[in-house]
S.K.: 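Can you keep this structure in mind? I'll have questions shortly.
Note that these values count all heavy atoms, side chains included, but never hydrogens, waters or copies made by symmetry.
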Amino acid sequence: MSNYVERISVQYRNFSKGADPVIDAWPLMQTPTPILTITGLYLLFVLWIGPRWMERRKPFEMKYTLIVYNASQVVWTGAWVYLMLKIFELLDTVFFVLRKKQNQVSFLHVYHHTIMVLFTWFYLKYIPGTQAAFIGVLNSFVHIFMYTYYLLAALGPQTPLEKRLWDQKYLFWKRYLTTLQLLQFGIMLCYFVLINSMQCQVPRALTYFFVSNITIFLFLFINFYRKAYQKRPVGAKVD
């Protein structure tokens, strides 16, 4: 038993050695334990603890919190900062739960946030500086527009009529934002097919992971676009 525990301990220490000792010394980068703990607590809260805790409570009013939060998300720089932003973005779902907007805690939403945190950490830890950095830059560009949209939504009034007028005036471009997200995934997919065919230094396993997840995101976003924007026949049942 002691030999088995020792082997596990050695394997874990080896797993904790990344591609660059400088990066290994950064906060949250020494071992996988902190990032796995963060994502585990995130899933536990948004899928179980949060909804149960809010079940008999009134929704939190978080207008000014959301204004500050979405404004801060518009700024981006550096790979480690990108990881911190991915962790910070987990609050998107936490705010949904606290505001009792559980219908927005979709599989797409939770899956996307969880995968992006875990992938960004492993990428930064083991293969920093490779061609996959293009994905982070592209994703950050799209997120500037996305969180600008969320910021404008948070600045709007709360009464139904005024909110509808505000949305028509300032948030009419939501459909184009979704189109931009779809275009992003299409570009990512083509990019990884290209670097895989060129046999670049990004490991094949990582490329396959990327392609699989981008395909899943593309399918889920197309399904969202179809449900949200395509006109339905009169009398058609809404899911």
Side-chain angles (χ1 to χ4, degrees), residues 39 42 66 69-93 95-96 104-124 127-154 167 170-198 200-230:
T39 52
Y42 162 75
L66 292 174
Y69 171 73
N70 290 312
S72 68
Q73 290 282 28
V74 174
V75 182
W76 176 84
T77 180
W80 185 80
V81 175
Y82 181 76
L83 171 62
M84 295 302 105
L85 284 177
K86 295 296 107 178
I87 296 174
F88 195 45
E89 285 172 14
L90 297 179
L91 289 174
D92 283 359
T93 329
F95 292 152
F96 284 153
Q104 298 190 45
V105 186
S106 63
F107 171 78
L108 169 60
H109 181 92
V110 176
Y111 176 77
H112 172 73
H113 280 290
T114 304
I115 287 295
M116 287 305 298
V117 169
L118 293 175
F119 165 76
T120 304
W121 187 92
F122 279 95
Y123 161 71
L124 181 60
I127 50 168
T130 62
Q131 291 91 334
F134 169 76
I135 300 302
V137 175
L138 179 60
N139 182 250
S140 296
F141 173 76
V142 173
H143 274 215
I144 289 174
F145 291 97
M146 188 177 78
Y147 282 100
T148 299
Y149 175 89
Y150 291 155
L151 175 60
L152 289 173
D167 290 353
Y170 297 107
L171 302 177
F172 62 90
W173 49 283
K174 179 180 180 181
R175 180 172 185 166
Y176 303 111
L177 176 60
T178 307
T179 303
L180 180 62
Q181 290 172 314
L182 287 170
L183 180 62
Q184 168 196 212
F185 294 128
I187 293 173
M188 288 179 177
L189 202 56
C190 293
Y191 176 76
F192 275 105
V193 170
L194 177 63
I195 64 173
N196 186 57
S197 64
M198 295 175 62
C200 295
Q201 59 181 340
V202 177
R204 292 228 169 191
L206 182 65
T207 301
Y208 296 147
F209 172 81
F210 256 127
V211 169
S212 299
N213 277 279
I214 291 170
T215 302
I216 291 172
F217 287 144
L218 193 58
F219 173 78
L220 292 172
F221 268 87
I222 288 174
N223 188 53
F224 169 79
Y225 186 96
R226 179 181 61 81
K227 290 184 176 181
Y229 306 118
Q230 286 188 353

S.K.: Distance check, rounded to the nearest 0.5 Å: His113 atom NE2 versus Phe88 atom CZ?
M.R.: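 Atom-to-atom, His113:NE2 and Phe88:CZ are 12.0 Å apart.
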S.K.: Which label fits Tyr229 and Phe224: parallel for a plane angle under 30°, tilted from 30 to 60°, or perpendicular past 60°?
M.R.: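 It falls in the perpendicular class, over 60°.
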S.K.: In chain order, what residues pass the side chain to side chain contact (heavy atoms under 4.5 Å, CB included) check against Phe107, with sequence neighbours excluded?
M.R.: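 If we apply the side chain to side chain contact (heavy atoms under 4.5 Å, CB included) test to Phe107, skipping adjacent residues, the hits are Tyr111, Leu220.
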S.K.: Tell me every residue that passes side chain to side chain donor-acceptor pair (under 3.5 Å) with Tyr170, counting only those two or more places apart in sequence or in another chain.
M.R.: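 By the side chain to side chain donor-acceptor pair (under 3.5 Å) rule, Tyr170 matches no residue at all.
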S.K.: How many angstroms lie between atom CZ of Phe209 and atom CD1 of Ile214, to the nearest 0.5 angstrom?
M.R.: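 Separation between the atoms: 9.5 Å.
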S.K.: Excluding sequence neighbours, so at least two apart, what forms side chain to side chain contact (heavy atoms under 4.5 Å, CB included) with Ala154?
M.R.: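 Applying side chain to side chain contact (heavy atoms under 4.5 Å, CB included) to Ala154 gives Leu66, Ile67, Asn70.
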S.K.: Please state whether the rings of Phe95 and Tyr69 are parallel, tilted or perpendicular, taking 30° and 60° as the class boundaries.
M.R.: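 Rings of Phe95 and Tyr69: perpendicular, over 60°.
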S.K.: Could you measure the distance from the CG atom of Asn213 to the CD1 atom of Ile115? Nearest 0.5 Å is fine.
M.R.: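 Nearest 0.5 Å value for the CG-CD1 distance: 5.0 Å.
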S.K.: What's the spacing between Tyr150 OH and Asp92 CG if we round to 0.5 Å?
M.R.: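 So the gap between those two atoms works out to 6.5 Å.
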S.K.: Taking the side chain as every heavy atom from C-beta outward, state whether Met188 and Phe217 have any atom pair closer than 4.5 Å.
M.R.: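 No, every pair of side-chain atoms sits at 4.5 Å or beyond.
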S.K.: First locate atom CD1 of Ile187, then atom CG of Leu182, and finally report the distance between them rounded to the nearest 0.5 Å.
M.R.: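 Between atom CD1 of Ile187 and atom CG of Leu182 there are 11.0 Å.
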S.K.: For the pair Asn223 (side chain) and Phe219 (backbone), establish whether a donor and an acceptor sit closer than 3.5 Å, ignoring hydrogens and angles.
M.R.: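 Between the backbone of Phe219 and the side chain of Asn223 there is no qualifying donor-acceptor contact (under 3.5 Å).
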S.K.: Could you work out, with side chain to side chain donor-acceptor pair (under 3.5 Å) as the rule, every residue matching Thr114, not counting sequence neighbours?
M.R.: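 Once residues adjacent in sequence are excluded, Thr114 has no partner under the side chain to side chain donor-acceptor pair (under 3.5 Å) criterion.
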S.K.: Can you give me the closest heavy-atom contact between Thr93 and His109, atom names plus distance?
M.R.: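 For Thr93 and His109, the tightest heavy-atom pair comes out as OG1-NE2, 2.8 Å.
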S.K.: If the condition is side chain to side chain contact (heavy atoms under 4.5 Å, CB included), which residues does Thr215 pass it with, not counting sequence neighbours?
M.R.: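 So Thr215 forms a side chain to side chain contact (heavy atoms under 4.5 Å, CB included) with Leu189, Val211.
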S.K.: Apply side chain to side chain contact (heavy atoms under 4.5 Å, CB included) to His143 and list each qualifying residue two or more places apart in sequence or on a separate chain.
M.R.: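 Partners of His143 by the side chain to side chain contact (heavy atoms under 4.5 Å, CB included) criterion, ordered by chain and then number, come out as Lys86, Glu89, His112, Asn139, Met146, Tyr147.
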S.K.: Would you call Tyr42 and Ile87 a side-chain contact if the rule is heavy atoms closer than 4.5 Å?
M.R.: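 No, every pair of side-chain atoms sits at 4.5 Å or beyond.
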S.K.: Any side-chain heavy atom of Val137 sitting closer than 4.5 Å to one from Tyr82?
M.R.: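 They are not in side-chain contact.
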S.K.: Mind checking the CG-OG1 spacing from Leu183 to Thr179? Nearest 0.5 Å is all I need.
M.R.: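 Output value for this atom pair is 9.0 Å.
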